[in-house]
S.K.: 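Have a look at this one.
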Amino acid sequence: MQIIQDKDQYFRLISDFEYIPFTQSEGWYHFHDCMKPGSIIFFVDDADTPNIACFAHVKKFFGIKMLYIEGECVKTLKHDQKIVKVFFESLQLLGYDIIETNSSSLYDPVYEIGIRRAGYLRPVGLFSCWLTSLIQLDKPLVFDTNWNRYLRKAERFVQTFEFYKQINLEQTNQFNELYKEMLSRKNFGDIIPPKQLNGLAGQENFGYCCTKNDIGNTLYSVIFYTNGTSVTAILQVTTPEGRKKGSSFFTYKSLLTELSHRGFTSYDMGRLTPSKHSKDLLYIFKSGVKGKLNVYNGEWSWYKHSVYRPLMYLIKRFLMKKIEV
């Protein structure tokens with residue numbers, strides 16, 4: 001395993017990888033680096049013949065050093081358990097007390113065997129849902145009764161859909177304002193600092209779409225990420241007017257249709273959140289388009305000392321106020 005000092009060299013090394021999740025893209029690097037410059041380290045298994053790579057966030061608290069990885073990039077989605085094992089074992093030699101990773105690649109038992117053999121376990125308590133739905137864009141879209149009802153409702157209003165392959169600064173600023181308003185109305189969630197969201201502006205693979213009313217006001221918008229012929233939902237925001245007019249349903253149908261026409265073959269709806277509380281509404285919405293249910297490889301962790309395992313649960317649950325899923 002090698003540490004790459006230069007970010008440009010790192011992104012050149014992974015440029016031909018089959019799978020690069022949005023959390024490992026150059027745009028996502030800028031999303032985080034603008035807040036904590038110098039807190040990101042780049043790793044690759046072999047700079048001459050790279051097969052697996054990631055950038056990781058260095059975190060320090062209570063005298064503990066932690067390496068947090070938002071998934072990994074791979075040369076091919078056909079995992080090799082030896083490559084996975086050796087890569088994650090090598091990270092343990094760097095002197096960190098805790099290593100956590102949360103992989104959004106689709107579940108593969110070969111990956112699980114490799115990371116378990118490297119000494120990683122599922123953490124105590126899970127705070128992210130691994131369920132997702134993949135919409136096949138090369139087949140006709142199928143909606144459930146609820147979606148069809150709202151689509152008919154949306155047709156009663158004048159709504160215009162706009163699609164942009166690459167998001168720009170004006171759009172990130174507007175998205176951020178609407179996002180803050182939405183969080184204030186719903187009284188939950190964390191505000192995204194403007195300069196952080198602006199880090200996505202002009203970045204390759206981050207697109208944007210929105211629906212506007214008859215006087216040009218935005219009703220609903222989506223930021224999405226493309227990787228090859230696959231697309232992943234990143235962030236979406238609605239307005240009170242958009243909710244009344246069924247704009248979210250109109251926007252998603254228009255977006256999925258547009259992506260299909262452009263040759264994309266799958267759309268990852270992002271993490272589903274079936275539950276008994278308010279997040280179930282998001283699950284109901286996302287599952288209204290017929291797709292194939294899947295599971296991500298999800299959360300894995302390694303601890304230098306066993307006491308850190310329950311300690312991290314307590315920190316996340318009670319200090320960071322995270323919700324178990």
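For reference, positions follow the sequence shown, starting with 1.
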S.K.: State the OG1-NZ distance between T172 and K195, to the nearest 0.5 angstrom.
M.R.: 14.0 Å
S.K.: Begin with the C-alpha distance, continue with both residues' side-chain angles, and end with the deciding distance and a verdict on side chain to side chain donor-acceptor pair (under 3.5 Å) for D138 and T265.
M.R.: CA-CA 5 Å; D138 52 355; T265 59; 5.8 Å; no
S.K.: Using atom types as modelled and distance alone, determine if a side-chain donor or acceptor of Q159 lies under 3.5 Å from a backbone N or O of A154.
M.R.: yes
S.K.: Assert yes or no for the condition that the ring centre distance of F285 to F249 is strictly below 6.0 Å.
M.R.: yes
S.K.: If you round to the nearest 0.5 Å, how far is CG of D16 from NZ of K75?
M.R.: 3.0 Å
S.K.: Is there a donor-acceptor contact under 3.5 Å from the side chain of E299 to the main chain of S128?
M.R.: yes
S.K.: Give, for atom CD of Q196 and atom NZ of K36, the distance between the pair rounded to the nearest 0.5 Å.
M.R.: 10.0 Å
S.K.: Per the ring pair (Phe, Tyr, Trp, His ring centres under 6.0 Å) rule, which among Y225, F22, F55 passes with W28?
M.R.: F22
S.K.: When T132 is tested against each of D268, T232, N294 for side chain to side chain donor-acceptor pair (under 3.5 Å), which residue passes?
M.R.: D268
S.K.: What ring pair (Phe, Tyr, Trp, His ring centres under 6.0 Å) pairs are there with at least one residue in residues 86-105, not counting sequence neighbours?
M.R.: F88-Y120
S.K.: How far does CZ of F250 sit from CG of L219, to the nearest 0.5 angstrom?
M.R.: 9.5 Å
S.K.: Indicate, with yes or no, if the rings of F163 and F224 have centres closer together than 6.0 Å.
M.R.: yes
S.K.: Salt bridge (charged side-chain N to carboxylate O under 4.0 Å, His left out): which pairs involve residues 219-241, sequence neighbours left out?
M.R.: E241-K245
S.K.: Distance check, rounded to the nearest 0.5 Å: S275 atom OG versus L281 atom CG?
M.R.: 8.0 Å
S.K.: Does the ring center of F42 lie less than 6.0 Å from the ring center of Y29?
M.R.: yes
